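This report concerns only the one structure given below.
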Amino acid sequence: QVHLVQSGGGLVQPGGSLRLSCAASGSFVALYPMGWYRQGPGKQREFVALIHSSGNTVYADDVKGRFTVSGDLAKNTVFLQMNNLKPEDTAVYSCTASGEWGQGTQVTVSA
């Protein structure tokens with residue numbers, strides 16, 4: 001079973017940047033693909049980004065060009081670099097892999 005621990009997040013002004021991390025531990029056969037989802041206030045959880053073991057990435061349309069997902073295979077860690085953040089990016093961000101979820105991290109974008 002894989003255990004995911006997230007770090008990063010917090011409060012940032014519009015236009016600012018944050019980086020989230022998601023470290024996997026435990027026993028697993030296939031960790032990738034690893035993904036990021038978010039749930040904003042009063043909204044349903046939505047897809048943000050995904051990375052495959054090949055390094056191929058997929059992004060939601062509203063984060064393309066602003067967010068970058070990357071992974072460190074040796075450390076079983078995936079990152080989400082978020083630039084040019086907007087108030088509508090405010091949400092709890094969660095990573096997922098191998099059917100498990102991280103604990104969630106609050107990202108608040110506000111002046």
Side-chain angles (χ1 to χ4, degrees):
Q1 183 176 3
V2 63
H3 182 56
L4 303 174
V5 177
Q6 298 178 219
S7 60
L11 173 65
V12 65
Q13 292 185 343
S17 298
L18 285 173
R19 189 174 88 151
L20 306 181
S21 300
C22 176
S25 63
S27 61
F28 43 83
V29 175
L31 184 61
Y32 284 82
M34 294 184 75
W36 289 95
Y37 285 73
R38 67 185 180 186
Q39 187 167 15
K43 298 180 181 179
Q44 292 189 337
R45 181 183 288 172
E46 62 179 5
F47 169 75
V48 175
L50 181 72
I51 184 168
H52 293 274
S53 58
S54 63
N56 289 339
T57 56
V58 180
Y59 296 95
D61 287 343
D62 56 353
V63 306
K64 283 181 181 177
R66 300 189 298 121
F67 291 12
T68 302
V69 60
S70 61
D72 184 333
L73 286 174
K75 296 182 178 179
N76 293 325
T77 300
V78 66
F79 306 96
L80 184 67
Q81 177 68 42
M82 304 181 291
N83 298 327
N84 190 22
L85 283 160
K86 304 175 181 180
E88 51 264 42
D89 294 318
T90 295
V92 174
Y93 286 70
S94 300
C95 62
T96 182
S98 196
E100 300 295 333
W101 291 87
Q103 80 273 24
T105 301
Q106 178 68 46
V107 171
T108 302
V109 185
S110 175

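Everything quoted here is computed from the prediction, not taken from an experiment. Quick note: numbers below take in every heavy atom, side chains included, and nothing from hydrogens, waters or symmetry partners.
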For Val78 and Val69: C-alpha separation, side-chain torsions, deciding distance, then whether side-chain contact (heavy atoms from CB on, under 4.5 Å) applies.
CA-CA 7 Å; Val78 66; Val69 60; 3.7 Å; yes

Report the C-alpha separation of Val63 and Arg38 in whole Å, then their side-chain angles, then the decisive distance to 0.1 Å, and conclude whether the side-chain contact (heavy atoms from CB on, under 4.5 Å) test is met.
CA-CA 12 Å; Val63 306; Arg38 67 185 180 186; 4.0 Å; yes

Let's go through Gln106 and Thr90 carefully: what are the C-alpha distance in whole Å and the side-chain angles of both, what is the deciding distance for side-chain contact (heavy atoms from CB on, under 4.5 Å) to 0.1 Å, and is it a yes or a no?
CA-CA 8 Å; Gln106 178 68 46; Thr90 295; 3.9 Å; yes

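Listed by first then second residue, pairs satisfying side-chain hydrogen bond (donor to acceptor under 3.5 Å, both in side chains) with a partner in residues 65-77 read Arg66-Asp89, not counting sequence neighbours. Among pairs with a residue in residues 49-84, none fulfils disulfide (SG to SG under 2.5 Å), at least two apart in sequence or across chains.
Neither Leu18 nor Phe79 shares a network with the other; the hydrophobic side chains, linked directly or stepwise wherever heavy atoms of I, L, V, M, F, W or Y lie under 4.5 Å apart, form separate groups for each. Using a 4.5 Å cut-off between side-chain heavy atoms of Ile, Leu, Val, Met, Phe, Trp and Tyr, with links allowed through other members, Met82 and Val92 fall into different hydrophobic clusters. Connection of Leu4 to Val107 is established within a shared hydrophobic cluster, with ILVMFWY side chains joined at heavy-atom distances below 4.5 Å, either directly or through further cluster members. One hydrophobic cluster, built from ILVMFWY side chains closer than 4.5 Å, cannot hold both Leu11 and Leu85; they sit in different ones. Tyr59 and Leu50 fall into different hydrophobic clusters, where Ile, Leu, Val, Met, Phe, Trp and Tyr side chains are chained together by heavy-atom contacts under 4.5 Å.
Partner of Leu80 under the side-chain contact (heavy atoms from CB on, under 4.5 Å) criterion, out of Leu20, Ile51, Thr105: Leu20 alone.
Of all heavy-atom pairs spanning Ser110 and Pro14, the tightest one is C-CD, 3.6 Å.
Note that OG of Ser7 is 8.0 Å distant from CD of Gln103, once rounded to the nearest 0.5 Å. Separation of atoms CG (Asp62) and NZ (Lys86) is listed at 8.0 Å; rounding is to 0.5 Å. Atom CD in Gln1 sits 9.0 Å away from atom OG in Ser98 (nearest 0.5 Å).
Side chain of Gln6 to backbone of Gly104: a donor-acceptor contact under 3.5 angstrom is found.
Ring geometry, Tyr37 versus Trp101: the interplanar angle exceeds 60°, so the pair is classed perpendicular (tilted spans 30 to 60°).
The side chain to side chain donor-acceptor pair (under 3.5 Å) check on Ser17 picks up Asn83, with sequence neighbours excluded.
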